[in-house]
Number of protein chains: 2
Amino acid sequence: MFSKACEYGIKAAIFIAINSYENRRVSPKAIAQEINSPQAFTAKILQELVRNNIVNSVKGAYGGFEIEQTNIKNIKLSQIVKAIDGDKIYNGCGLGLEKCDETHPCPVHDKFKDIRDNLKYMLEHTSLDELAMSIQAGESFFKT
Amino acid sequence: MFSKACEYGIKAAIFIAINSYENRRVSPKAIAQEINSPQAFTAKILQELVRNNIVNSVKGAYGGFEIEQTNIKNIKLSQIVKAIDGDKIYNGCGLGLEKCDETHPCPVHDKFKDIRDNLKYMLEHTSLDELAMSIQAGESFFKT
DNA sequence: TTTATTTCGGATAATTTTATCCTATTTATA
DNA sequence: TATAAATAGGATAAAATTATCCGAAATAAA
Ligand code: FES
Ligand code: FES
């Protein structure tokens, strides 16, 4: 469904959000440990999130990654997925046609579109904030 | 969503179904041309479908791939997807946890599970027959 | 039985994704 | 200003996916 990079990116963003609520910046090392991901690869993904203005990075001593507290509620899963995996998952054809087109649909278009639209809606209506809360409440987990 | 291999596999199966209704066997070459896929790679995927008893192969002159007419209605998309991509798409965790587990869920579990279950339901209730019909009726297409 | 046809299957290559390593750059503080 | 701490980013490497090639095996028909 999502690429590994995207899975890491989502988890990393949640972890950064949690720490930003506590006014703490976090390092790629701390993130990778917490979410159980390869550190250097995770760092690359963080760069991508920074480029997309989803997280903020502060270089130098006492630096790290953070998200503006007031933004955490506004950031939606869809932004992260789009930043890392692009929007093929929202617009792409289920059978790989170059373009998903109502007027020239693939055999599964009608059925696939429903699923895809549900997914899109879900991602667009799920905020980083609520995911962070569920982790903090101990209701969900980053690793097995 | 699906791998390229799976996309080709689904399209190939539909094309074989159509031809089987007309009592014609088809070759990897004909399939690849029709569904716009690399021939040799498509042949590999066909082997996988044969191993999973989804399509039947007949070697030698006048051979080719076919599906028993009476089976076409019974074959569901889910069988093809499972044969090629496995069942990670039905059971796998959206954030890559080793195992999707209600009692130890990842942050997106609740929301992801709904989507995933919808997809599973759709795949399990979509038959090769109906997809073949929509192609034959000119209502859907294999290529752009 | 020979021949032409066709799938099967192993080996290999190309591409993409995932992952690692090392150095440059930035920045707060001493 | 010097130093230590941190992210940025380029160069590779490893692994997985996608794709190609070719000979072996099977089969129908001449
Ligand atoms: S054309 Fe294939 S999903 Fe829309
Ligand atoms: S645990 Fe992640 S989707 Fe169920």
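In the text below, chain A, chain B and the rest are named by the order of the sequence lines, each starting its count at 1.
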So, the side chain of [X] versus the backbone of [Y]: is there a donor-acceptor pair under 3.5 Å, distance only?
| X | Y | result |
| --- | --- | --- |
| A:Arg116 | A:Tyr90 | yes |
| A:Lys76 | A:Leu128 | no |
| A:Glu124 | A:Tyr121 | no |
| B:Asn52 | B:Ile54 | no |
| B:Arg25 | B:Val58 | no |
| A:Tyr8 | A:Pro38 | no |

Distance-only donor-acceptor check, side chains [X] and [Y], under 3.5 Å:
| X | Y | answer |
| --- | --- | --- |
| A:Asp129 | A:Tyr21 | yes |
| A:Asn53 | A:Gln79 | no |
| A:Glu22 | A:Gln136 | yes |
| B:Glu66 | B:Asn23 | no |

(message) Using whole Å, what does the distance between atom P of nucleotide D:dA6 and atom CG of A:Leu46 come to?
(response) 15 Å
Just the atom pairs and distances: protein N or O near nucleotides 10-17 of chain D's N or O, under 3.5 Å.
unit_1, atom_1, unit_2, atom_2, d
D:dG10, N7, A:Lys44, NZ, 3.2
D:dG10, O6, A:Lys44, NZ, 2.4

(request) Run through B:Ile31, B:Ile135, B:Asn36 and flag the one making a side-chain contact (heavy atoms from CB on, under 4.5 Å) with B:Phe142. (result) B:Ile135
(request) Measure the CD1-CG distance between A:Ile14 and A:Leu131 for me, rounded to the nearest 0.5 Å. (result) 4.5 Å
(message) How long is the straight-line distance from CD1 of B:Ile75 back to CD1 of B:Ile80, given to the nearest 0.5 Å?
(response) 6.5 Å
(message) If you take any heavy atom closer than 4.0 Å to DNA chain C, which residues from residues 14-39 of chain B end up in contact?
(response) B:Val26, B:Ser27, B:Pro28
(message) Among residues 88-96 of chain A, which ones have heavy-atom contacts with DNA chain C below 4.0 Å?
(response) none
(message) Near DNA chain D, counting only heavy atoms under 4.0 Å, which residues of residues 59-66 of chain A show up?
(response) A:Lys59, A:Gly60, A:Ala61, A:Gly63, A:Gly64, A:Phe65
(message) Students should find this one: the first and last nucleotides of DNA chain C, 5' to 3', lying under 4.0 Å from a heavy atom of chain B. What are they?
(response) C:dT5 to C:dA11
(message) Tell me every residue that passes salt bridge (Lys or Arg N to Asp or Glu O under 4.0 Å) with A:Lys120, counting only those two or more places apart in sequence or in another chain.
(response) none
(request) Just say parallel, tilted or perpendicular for the rings of A:Phe141 and B:His104, cut-offs at 30° and 60°. (result) parallel
